[in-house]
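A short write-up of the structure that comes next.
Side chains included, hydrogens not; waters and symmetry mates left out as well; all remaining heavy atoms used. Residue numbers start from 1 in every chain, and the chains themselves are labelled A, B, ... in the order their sequence lines are given, proteins ahead of strands. Remember, predicted model here, so these are calculated numbers, not experimental data.
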Amino acid sequence: MPELPEVETVRRGLEPALVGAHIDRVVLNRKDLRFPFPERFVARLEGQEVIALGRRAKYLLADLAGGEVLAMHLGMTGRFTIIKPVCAGPDGGLTEPGGFYYTAATRGAHDHVCFELSTGHRIVYNDARRFGFMVLLARSELDSHPLFRGLGVEPLGNELDGALLARLFAGKAAPLKAALLDQRLVAGLGNIYVSEALHRAGLSPQRAAGTLAGRTGKPTRGADRLAGAIRDVLAEAVAAGGSTLRDYRQTDGALGYFQHRFRVYDREGEPCPTPACRGVIARSVQSGRSTFHCAVCQR
DNA sequence: ACTGGATCCTGCCTGC
DNA sequence: TGCAGGCAGGATCCAG
């Protein structure tokens with residue numbers, strides 16, 4: 001479920017295990033994800049120390065001591081799991097505090113990559129649909145790399161406000177839904193949070209994006225509301241993800257799960273949650289993707 | 001320049 | 001119960 005908040009949640013979950021550790025061994029269970037793994041992928045990673053774990057839009061960025069960056073995109077179904085070290089139990093046998101081993105026998109069907117760290121931790125990447133991918137690139141070429149060059153503004157950074165949105169959307173006939181999904185404008189929103197942000201802002205997903213730029217190019221109140229709604233919904237989701245992170249060892253240990261309540265997403269037919277609004281959440285399809293909105297309070 | 005559609009892949013849910 | 005069909009949170013590419 002990786003939009004920006006989920007990726008940030010995964011980043012925060014992985015950071016303590018990954019940063020400062022060396023990658024002793026990398027096991028690939030297949031030769032590609034969405035794309036083939038980079039040339040000499042394993043050799044370039046093994047022996048490297050991870051010195052930082054960052055995020056840009058929906059990409060995780062692991063900085064390596066040698067100057068390369070491991071950039072990882074989770075696609076639709078990518079997940080990371082931390083497997084804690086196995087240690088000797090009271091009965092003399094091997095037990096594991098989190099309650100599970102990671103062996104060939106327990107390996108999940110779509111566990112494609114396993115990073116074995118110097119701390120004894122293993123970090124497993126699982127991706128059923130394989131829309132995710134990993135690339136290795138020099139830190140110095142990050143900003144000019146085709147994957148990152150065109151990315152738009154980071155929505156939780158300081159730049160995003162109504163004025164910037166108005167500038168980005170000026171002259172665009174595309175519906176707000178499509179404009180917000182465009183990673184070249186605002187980077188990190190996905191199908192869920194676009195619906196959520198538009199509902200909070202009281203803006204119809206069908207409305208032309210350019211109408212938020214006013215006639216003089218000045219931001220409208222709608223643009224200000226939308227910028228605020230984007231920041232609020234993402235920040236709340238990140239906070240919700242973080243609040244459940246302490247439990248990451250239970251069940252299958254997958255990072256990035258959280259119980260965030262969506263106000264409109266997947267709530268077709270339910271009453272609109274806006275106070276005093278008598279509307280009902282409708283589902284529609286825009287450029288092949290589900291949109292959820294209330295026609296009464298979103299204009 | 002913008003837009004909609006097809007596409008990659010697997011799993012799950014629905015309806016017949 | 002079985003199975004076909006549709007749908008899924010991403011992002012790119014292509015035709016129009």
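A close approach under 4.0 Å does not occur between any side-chain nitrogen or oxygen of A:His110 and OP1 or OP2 of B:dC9. For A:Arg130 and B:dT10, the shortest distance from a side-chain N or O to OP1 or OP2 is below 4.0 Å. One finds no side-chain N or O of A:Arg129 lying less than 4.0 angstrom from the OP1 or OP2 phosphate oxygen of C:dG10. Distances shown here put a side-chain N or O of A:His73 below 4.0 Å from the OP1 or OP2 atom of C:dA11. Close to C:dA11, at under 4.0 Å from its OP1 or OP2, lies a side-chain N or O of A:Lys58. Using a 4.0 Å cut-off, no side-chain N or O of A:Thr77 falls inside it from OP1 or OP2 of B:dC9. Between A:Tyr265 and the phosphate of C:dG9, there is a side-chain N or O to OP1/OP2 separation shorter than 4.0 Å.
As a whole-Å value, the separation of A:Gln286 CD from B:dC2 P is 17 Å. The distance between atom CE of A:Met72 and atom P of C:dG10, rounded to the nearest whole Å, is 19 Å. A:Asp266 places its CG atom 17 Å from the P atom of B:dC12, with the value rounded to the nearest Å. Counting to the nearest Å, the P atom of C:dG10 and the CZ atom of A:Arg56 are 17 Å from each other. Atom CD in A:Gln183 sits roughly 16 Å away from atom C1' in C:dC13 (whole-Å rounding). For A:Asp182 and B:dA1, the CG to C1' distance is 12 Å, given to the nearest whole Å. Between the C1' atom of C:dA11 and the CG atom of A:Asn191 lies a distance of 12 Å, rounded to the nearest Å. Here the P atom of nucleotide B:dT3 and the CZ atom of A:Arg289 are 16 Å apart, to the nearest Å.
Mapping A:Gly288 and A:Lys172 onto DNA chain B via the closest heavy atom, the residue that lands nearer the 5' end is A:Lys172.
The separation of B:dA6 from C:dG6, taken at their P atoms, amounts to 12 Å, rounded to a whole angstrom. Rounded to a whole angstrom, the distance from the C1' atom of B:dC12 to that of C:dA11 is 23 Å.
Across all non-hydrogen atoms, the minimal contact from A:Ile230 to A:Pro155 is CG2-CB, 3.9 Å. Pairing each heavy atom of A:Arg283 with each of A:Glu268, the nearest pair is CB-CD, 3.6 Å.
Within the 4.0 angstrom heavy-atom criterion, only backbone atoms of the sugar-phosphate kind lie near A:Ala173; the bases stay farther away. Residue A:Arg283 is in sugar-phosphate contact alone, with no base atom involved, counting any heavy-atom pair closer than 4.0 Å across all strands shown.
Relative ring orientation between A:Tyr59 and A:His73 is described as perpendicular, the plane-to-plane angle rising above 60° on a 0-90° scale split at 30° and 60°.
In this structure, the nucleotide among C:dG9, B:dT3, C:dA11 sitting nearest to the side chain of A:Ala174 is B:dT3.
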Going through the distances and angles, do A:Thr77 and A:Asp127 end up as a side chain to side chain donor-acceptor pair (under 3.5 Å)?
-> CA-CA 5 Å; A:Thr77 52; A:Asp127 188 353; 2.6 Å; yes
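We find that the ring of A:Phe131 and the base of C:dA11 do not stack by the test of centres under 5.5 angstrom and planes tilted less than 30°.
Annotation: A:Arg30, atom CZ; neighbour count of heavy atoms from other residues, nucleotides and ligands within 6.0 Å is above 12.
For the pair A:Leu70 and A:Phe41, the minimum side-chain heavy-atom distance is below 4.5 Å.
Base pairing of B:dC9: no nucleotide in any strand meets the Watson-Crick or G-U wobble criterion (both distances under 3.5 Å). With a 3.5 Å ceiling on both atom-pair distances, the Watson-Crick or G-U wobble partner of C:dC14 is B:dG4.
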